[in-house]
There are 2 protein chains.
Amino acid sequence: MKTLRLTSTDRTVLLDSRFFARLPRPTAEAILEGAIVSTHEEHDILFRQDERIDDVFFVLSGLVRLYRLGKDGREADIAILPKGEIFGANAMFLEHRATANAQAAEALIVARFESHKLRQLAAENTDVAQALIELLCRHGKMTEDCLAEDRLLTAPQRVANYILSHCPDGLSTFSFRLPFQKNVLAGKLGLAPEALSRAFSTLRQSGVTVKGRVIEIRDRQALERF
Amino acid sequence: MKTLRLTSTDRTVLLDSRFFARLPRPTAEAILEGAIVSTHEEHDILFRQDERIDDVFFVLSGLVRLYRLGKDGREADIAILPKGEIFGANAMFLEHRATANAQAAEALIVARFESHKLRQLAAENTDVAQALIELLCRHGKMTEDCLAEDRLLTAPQRVANYILSHCPDGLSTFSFRLPFQKNVLAGKLGLAPEALSRAFSTLRQSGVTVKGRVIEIRDRQALERF
DNA sequence: GATGCGACTTGACCCCGATCAAATAACTTT
DNA sequence: AAAGTTATTTGATCGGGGTCAAGTCGCATC
């Protein structure tokens, strides 16, 4: 891990992100003040479940995987965070204890902000508080979605859903590139890699073609029916 | 459904709840102003997923079940809310759309507050905003816990966990009464009722006795090992 | 374009938990 | 307390997905 200071492109990524974009510019700048940037290799651990953390993290580039560990060492992904996402914010209000492990799912650059400072700001400034509230609502809803998918959908259905979530409305045929390794996608969907693979081959009969990381859809309706 | 006004015991339940207790009394009172109370029969639906809701709800007595519906009509519980819990708050910040169905899991009394008013208050008053933030963090963590349990634990392990969460530290032998029907517990744990029943009989060999709603533990350690 | 390694797929097998059906227990009502 | 519900348990069966073991593919490197 190497630590650096914010570059000007970093600032752009930050200020354009959902969280900061809704804040008045000076407020956002105030938070950026004192931010530290660090780079990490794939598989590096940023922090562990139940560990004390005193920073809030922001993904400048790369991918973070949040996961919990079972007693037997098995891992359950809680969330996959791409560029522009914040994590570790909930720890601020939960005794500063991380609720999950955070790992770089690929080469990664993060910015970190002192959480006591951010928390202080949230306590004084309603804009910051609002931004946090919206962040937490969005994350909460995503976790709920995940839980419901796990309980209601089979593997092929989850994959179909995932694909559809990347397919703009209206288009019936469509193709895109997976934003990460199938490995990671499997974890995100709560599946073993083998199960993801099998799900893709099941979906072949509904017009889904997989070539490396590129997914092609021939028939949106068929997927929706699945 | 019948609608009433707040009784004085209602006020006590509200003001003693985690959400309101952390607010300055006058602020709390301001929110209670204009609250409406309604009673519901078991199985009544309070609102449906994606429906517009303009209130935040508070459980005065009874039990609420939040669940999502699958395309095939199957249901997945997102949360079970006992007396003192708030729900529907996240909708305030998500276009006023409910993220799940809400149903009375037993005879129920709820208070409701106009969400635009509460939201307004949160935007002006940092105490209210803080209270909301903490609420959302707690709920978020609970959903995460649920997701991780689903992915990491077998049915008997989830049940063992649930029992342990009701067993004060230190005690090795212990007994308590389930706060709701096994039916509801099954849903909360993401199990079919039959699976819950079988889980209980599996745990019998680890010193768990079930008589109606009463659960008795002979050996805490055995449960923890499970 | 050959080589090599890691990512992905496929096959075989098995276990957990869903589902359906039926029996039993626990409550309500009367 | 008897009758009728409604909850819960138990049995039997089945399917989805996890795991382990081979392959095979894709991609980077030279």
Side-chain angles (χ1 to χ4, degrees), chain A residues 41-43 63 65 70-77 105-107 148-162 177-205 208-216 226, chain B residues 41-43 63 65 70-77 104-107 148-162 177-205 208-215 226:
Chain A
E41 311 269 317
E42 184 172 348
H43 302 304
L63 210 60
R65 191 169 77 92
K71 280 205 287 269
D72 52 0
R74 275 177 26 257
E75 304 180 347
D77 287 24
E106 60 182 46
E149 282 200 1
D150 269 27
R151 291 184 174 178
L152 293 172
L153 303 184
T154 65
Q157 290 175 320
R158 288 181 223 177
V159 176
N161 243 219
Y162 177 79
R177 191 183 154 79
L178 289 177
F180 31 67
Q181 287 193 335
K182 297 215 182 82
N183 219 347
V184 177
L185 177 58
K188 179 181 160 73
L189 298 178
L191 296 172
E194 295 95 325
L196 175 63
S197 197
R198 280 187 247 273
F200 274 130
S201 46
T202 302
L203 291 178
R204 209 173 308 154
Q205 69 191 60
V208 174
T209 318
V210 180
K211 272 199 234 98
R213 274 203 192 176
V214 178
I215 311 289
E216 196 182 329
F226 212 95
Chain B
E41 311 269 317
E42 184 172 349
H43 302 305
L63 211 61
R65 190 169 78 92
K71 280 205 287 267
D72 53 0
R74 272 174 31 255
E75 303 180 348
D77 286 24
E106 60 182 43
E149 284 201 359
D150 270 27
R151 291 184 174 179
L152 293 172
L153 304 183
T154 65
Q157 289 175 319
R158 289 181 222 176
V159 176
N161 245 217
Y162 177 80
R177 192 183 154 78
L178 289 177
F180 32 66
Q181 286 193 332
K182 297 215 182 83
N183 218 349
V184 177
L185 177 58
K188 179 182 161 73
L189 298 178
L191 297 172
E194 296 94 325
L196 174 64
S197 196
R198 279 186 248 272
F200 274 130
S201 44
T202 301
L203 292 178
R204 210 174 306 155
Q205 69 190 62
V208 174
T209 318
V210 180
K211 273 200 233 93
R213 275 202 191 177
V214 178
I215 311 289
F226 212 95

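In the text below, chain A, chain B and the rest are named by the order of the sequence lines, each starting its count at 1.
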What's the closest nucleotide to the side chain of A:Arg158 if the choices are D:dG17, C:dG17, D:dT9? D:dG17
Would you kindly give the CD1-to-P distance between A:Ile215 and D:dG26, to the nearest whole Å? 13 Å
Sugar-phosphate only, base, or nothing, as touched by A:Glu194 at under 4.0 Å among non-hydrogen atoms: base
Between the first and last five pairs of the helix from C:dG1-D:dC30 to C:dT30-D:dA1, the angle of the axes, rounded to 10 degrees: 50°
Gap between atoms CG and P, on B:Leu153 and C:dC15 respectively (whole Å): 19 Å
Would you say the side chain of B:Asp77 lies within less than 4.5 Å of the side chain of A:Arg151, judging by non-hydrogen atoms? yes
Could you state the atom-to-atom distance from CZ of A:Arg213 to C1' of C:dC8 in whole Å? 12 Å
Would you mind reading off the distance between A:Gln181 atom CD and C:dG6 atom C1', rounded to a whole angstrom? 9 Å
From C-beta outward on B:Arg74, which listed nucleotide comes closest to its side chain: D:dG17, D:dT10, C:dT19? C:dT19
Under-3.5 Å N/O pairs linking protein and nucleotides 23-26 of chain C:
none

In whole Å, I'd like the distance from the CG atom of A:Asn183 to the P atom of D:dG18. 13 Å
Looking across every strand, which nucleic acid part, if any, lies under 4.0 Å from B:Leu196 by heavy atom: base, sugar-phosphate, or nothing? nothing
Between atom CZ in A:Arg151 and atom P in C:dA18, what is the gap in whole Å? 10 Å
Answer whether the closest heavy-atom distance between the side chains of A:Arg158 and A:Asp150 falls below 4.5 Å. yes
Is there a donor and acceptor pair, one atom on the side chain of B:Arg198 and one on the base of D:dG11, closer than 3.5 Å? yes
